[in-house]
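I have placed the structure first, in the form of structure tokens, so that the comments after it can refer back to it.
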Amino acid sequence: RLAERGTRSGMLGRGGLLRRIETIYRRFRAAEDLDDTRTSAVFALFTDTQTYLDQGSYSYVRRTLDNIEEVLEEVPDTS
């Protein structure tokens, strides 16, 4: 349980999953040129991310965040 808590809060890995989720979500919200289809897909991926996080499936969280970042890389960063 300690390792899980550390992974979620930031003691382990690249700043922790919660920080990474927050960063990617802010980038998503700032992406003005994302079409409706991609917007819906990213919202669904964030829902999956929350589900995996709740289940403690941290490798799936990372994989899903990678997928979101791939979509966002196609959009210019407006922040």
Side-chain angles (χ1 to χ4, degrees):
R1 299 299 271 167
L2 180 60
E4 287 178 12
R5 203 173 307 137
T7 300
R8 289 177 76 164
S9 67
M11 294 186 310
L12 302 174
R14 295 182 298 167
L17 290 175
L18 295 179
R19 186 176 308 141
R20 185 172 177 208
I21 291 167
E22 290 170 1
T23 300
I24 294 171
Y25 186 75
R26 279 194 301 272
R27 183 172 171 205
F28 166 62
R29 297 300 292 175
E32 297 175 2
D33 295 334
L34 203 61
D35 63 37
D36 291 343
T37 302
R38 286 192 173 115
T39 299
S40 296
V42 172
F43 269 121
L45 288 168
F46 275 114
T47 300
D48 291 346
T49 299
Q50 183 62 53
T51 301
Y52 297 141
L53 190 65
D54 292 344
Q55 294 173 347
S57 301
Y58 303 119
S59 62
Y60 285 108
V61 172
R62 288 184 194 92
R63 188 178 314 166
T64 305
L65 293 174
D66 290 343
N67 292 339
I68 295 169
E69 286 181 319
E70 286 177 18
V71 172
L72 295 178
E73 284 175 7
E74 300 171 5
V75 178
D77 190 6
T78 59
S79 58

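Heavy-atom basis, side chains included; hydrogens, waters and symmetry copies ignored.
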By salt bridge (Lys or Arg N to Asp or Glu O under 4.0 Å) - contacts of Asp36 (at least two apart) | none
Pairwise distance CG(Asp35) to CD(Glu74) - rounded to 0.5 angstrom | 9.0 Å
For Arg63, what residues pass the side chain to side chain donor-acceptor pair (under 3.5 Å) criterion, not counting sequence neighbours?
-> none
From the list Val42, Thr64, Asp66, Leu65, side-chain contact (heavy atoms from CB on, under 4.5 Å) with Ile24 holds only for Leu65
What is the distance from atom CG of Asp54 to atom OG1 of Thr49, rounded to the nearest 0.5 Å?
-> 10.5 Å
Inter-residue atom distance Arg62.CZ - Asn67.CG, 0.5 Å rounding = 14.0 Å
For Ser57, what residues pass the side-chain contact (heavy atoms from CB on, under 4.5 Å) criterion, not counting sequence neighbours?
-> Tyr52, Gln55, Tyr60
Would a 4.5 Å heavy-atom cut-off, applied to side chains only, mark Leu18 and Leu53 as touching?
-> yes
Residue pair Glu73, Arg27: steps toward the salt bridge (charged side-chain N to carboxylate O under 4.0 Å, His left out) verdict = CA-CA 10 Å; Glu73 284 175 7; Arg27 183 172 171 205; 5.6 Å; no
When rounded to the nearest 0.5 angstrom, what distance separates CZ in Arg38 from CG in Leu45?
-> 12.5 Å
Residues which pass side-chain contact (heavy atoms from CB on, under 4.5 Å) with Thr39, listed by chain and number, not counting sequence neighbours = Phe28, Leu34, Phe43
